[in-house]
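Everything below concerns the one structure shown next.
In each ligand, atom 1 is the first atom listed, and ligand 1 is the first ligand listed. For this chain, numbers begin at 1 and follow the sequence in order.
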Amino acid sequence: MSAPAGHAAASGLPVRAWVADRATVLTVLWFGALVAGTWPLVLAAAGPDLPLIGVVAHVSGMLAGYGVLVLLVLMARSPALERGIGADVLARWHGLAGRAVVGLVLLHAVGAVAAWAQLTGVGLLLGSWQVLGMPAMPAAAVGTVLMLVAAAASVRAARRTLRHETWHGLHLLMYLAVALGFAHMLAGPDLVGHRVLQICWALAYTHVAALLVRHRVLTPLRQAARHRMRVGGVRPEGPGVVSISVTGDHLAELHAEPGQFFRWRFLTPDLWRTAHPFSLSAAPTATELRLTVKALGDGSTDLQDVPVGTWVIAEGPYGAVTSARRSHRNVLLIAGGVGITPMRALFETLPLGPGEDLLLLYRARTPEELLFREELDAIAVRRGARVGYLLGAEREPLSAGGLQRMVPDLVDRDVYLCGSPGLTSAVRASLRTAGLPPGQLHEERFAF
Ligand SMILES: Cc1cc2nc3c(=O)[nH]c(=O)nc-3n(C[C@H](O)[C@H](O)[C@H](O)COP(=O)(O)OP(=O)(O)OC[C@H]3O[C@@H](n4cnc5c(N)ncnc54)[C@H](O)[C@@H]3O)c2cc1C
């Protein structure tokens, strides 16, 4: 764990807890994997002879059980991880770990059946049947099928064709899959007979389940009751884009920072089922939060005329792309399209000392698509910052050469970046070519 995330609350709340950093979290996760993967090897070395495939089954089983725990922790929305690492990075790690877990579960299942068939001399078919009859195995087998269904829905090609809500519903099957497989983990030969280990394993799962319930269910409910948020106003910003101001009580207690986002659930008959992530597009105040929504699909289109007075539940704040990431005096903000939302909030608030430079480069295809133009110009004048508008489909201004021409001290700056996936990957490559150290790039992705 590294530096504390911030400030003592104006409300008198205690100073916010410590936040996690990538290196520490990855070290802890890999160490856990090493321990989980080594234990079956220790047992195999000390116990009766086991065919190699059996050892593989044991190691992959323990690693899969541990991997599931990691998957759940990464998605528990724990503030320490969300603020320190960022939801997009956690989602990427979750995706990678998910693929590994599915592979390990399949290896474990195939290995266990093959080892049993080899040890007992029965064929693979009969072996499978006998393995299925072992304690807790039928439930684990159903759990494995559910896990495979959820995993198949997450394959990129499948996910593109599914509505977000359908994909999310299928993904929630993972919780059922884990619950069904839990007894099998405790009854497996690597834990059975080792009472202390069984208790530790069960406690680890209980702890993670408690984290999930706390941060994904109880905290949003508590926040809803405490902050009583409602839509205070809806203002058109451009074609298919509106800013929604959300008013509420005690909002300072949320410790929201410019650059962060919430998952917003608008309680209308059409919208209440789904929480959509939207960044803060202005600095939060004690009574108001502002988000800006571009109509993209059903949900964001319905939000264009959400009635004033609608109740809102906001889960968050999330996101690590805040001023806390800054390590240099001069800062470059790069925004593309609706990616301007968090950049506008940062442009308004990033601390700017004497002699420091804050430059915002904002790319849009046409002048009509530029959002907040008047606000941005006013902020630039008020703060002594600079804003440059890059119009047109040409990517040249955001090439390595283009950026170096516009920002000669590029490599000595922090760069904050937000835009469409195509634009951000092109800019990321340009910045790498221009020599920007990776640690100085702070990126918010509008996709998980
Ligand atoms: C961290 C973050 C911050 C964002 N900030 C803004 C912002 O400030 N302004 C803005 O206009 N857009 C923002 N977006 C994008 C916005 O969340 C999506 O455009 C919106 O959820 C689309 O919903 P839909 O039902 O209209 O579209 P759909 O057609 O259902 O989906 C369009 C795309 O959005 C994704 N999406 C849909 N629902 C969700 C959801 N509940 N959670 C995650 N992804 C979803 C889908 O996977 C798909 O890729 C942000 C996204 C993220 C991840």
What atoms of ligand 1 come within less than 4.0 Å of a heavy atom belonging to [X]?
X: Val293; answer: 11 (O)
X: Gly299; answer: 24 (P), 25 (O), 26 (O)
X: Leu296; answer: 19 (O), 32 (C)
X: Thr341; answer: 7 (C), 8 (O)
X: Ala275; answer: 40 (C), 41 (N)
X: Val338; answer: 9 (N), 10 (C), 11 (O)

Could you say whether the N/O atoms of [X] and ligand 1 ever approach to under 3.5 Å?
X: Arg445; result: no
X: His276; result: yes
X: Lys294; result: yes
X: Thr292; result: yes

Output yes when a side-chain donor or acceptor of [X] lies under 3.5 Å from a complementary backbone atom of [Y], and no otherwise.
X: Tyr362; Y: Leu371; result: yes
X: His94; Y: Leu71; result: yes
X: Arg363; Y: Gly392; result: yes
X: Thr285; Y: Thr287; result: yes

- Message: Go through it in stages, so that I can follow the logic: the residues are Glu375 and Arg290, the test is salt bridge (Lys or Arg N to Asp or Glu O under 4.0 Å), and I'd like the CA-CA distance, side-chain angles, deciding distance and then a yes or no.
- Response: CA-CA 14 Å; Glu375 287 181 9; Arg290 189 180 91 173; 3.1 Å; yes
A quick test of your reading: do over 12 heavy atoms of other residues, nucleotides or ligands sit less than 6.0 Å from [atom1] of [X]?
X: Trp311; atom1: CH2; answer: yes
X: Arg216; atom1: CZ; answer: yes
X: Arg92; atom1: CZ; answer: yes
X: Arg383; atom1: CZ; answer: yes
X: His207; atom1: NE2; answer: no

Determine, counting only non-hydrogen atoms of the protein, whether one lies under 4.0 angstrom from [atom].
atom: atom 5 (N) of ligand 1; answer: yes
atom: atom 52 (C) of ligand 1; answer: yes
atom: atom 31 (O) of ligand 1; answer: no
atom: atom 49 (O) of ligand 1; answer: no
atom: atom 18 (C) of ligand 1; answer: no

- Where at least one partner belongs to residues 148-166, residue pairs that pass side-chain hydrogen bond (donor to acceptor under 3.5 Å, both in side chains), sequence neighbours excluded: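 Only Ser154-Trp167, Ser154-His171, Arg163-Glu165, Arg163-Asp298, Glu165-Thr274 qualify under side-chain hydrogen bond (donor to acceptor under 3.5 Å, both in side chains).
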Proximity of [X] to ligand 1 by residue part, where a heavy atom lies under 4.0 Å:
X: Phe446; value: both
X: Ala87; value: neither
X: His164; value: side chain
X: His168; value: neither
X: Thr274; value: side chain

- Query: Are side-chain N/O atoms of Ser243 and Thr292 paired as donor and acceptor at under 3.5 Å?
  - Reply: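 Indeed, the side chains of Ser243 and Thr292 share at least one donor-acceptor pair under 3.5 Å.
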Considering non-hydrogen atoms of the protein only, which is the closest contact for [atom], and what is the distance?
atom: atom 16 (C) of ligand 1; answer: Pro277 O, 3.5 Å
atom: atom 29 (O) of ligand 1; answer: Gly297 CA, 3.4 Å
atom: atom 26 (O) of ligand 1; answer: Ser300 OG, 2.4 Å
atom: atom 10 (C) of ligand 1; answer: Phe278 CD2, 3.5 Å

- Message: Between Arg344 and Glu237, does any side-chain N to carboxylate O distance fall below 4.0 Å?
- Response: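 So Arg344 does not pair with Glu237 through a salt bridge.
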- Task: Cation-pi check, Arg325 to Tyr416: give yes when NZ or CZ is under 6.0 Å from the six-membered ring centre and within 45° of the ring axis, no otherwise.
- Result: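 The answer is no; the distance or angle limit is not met.
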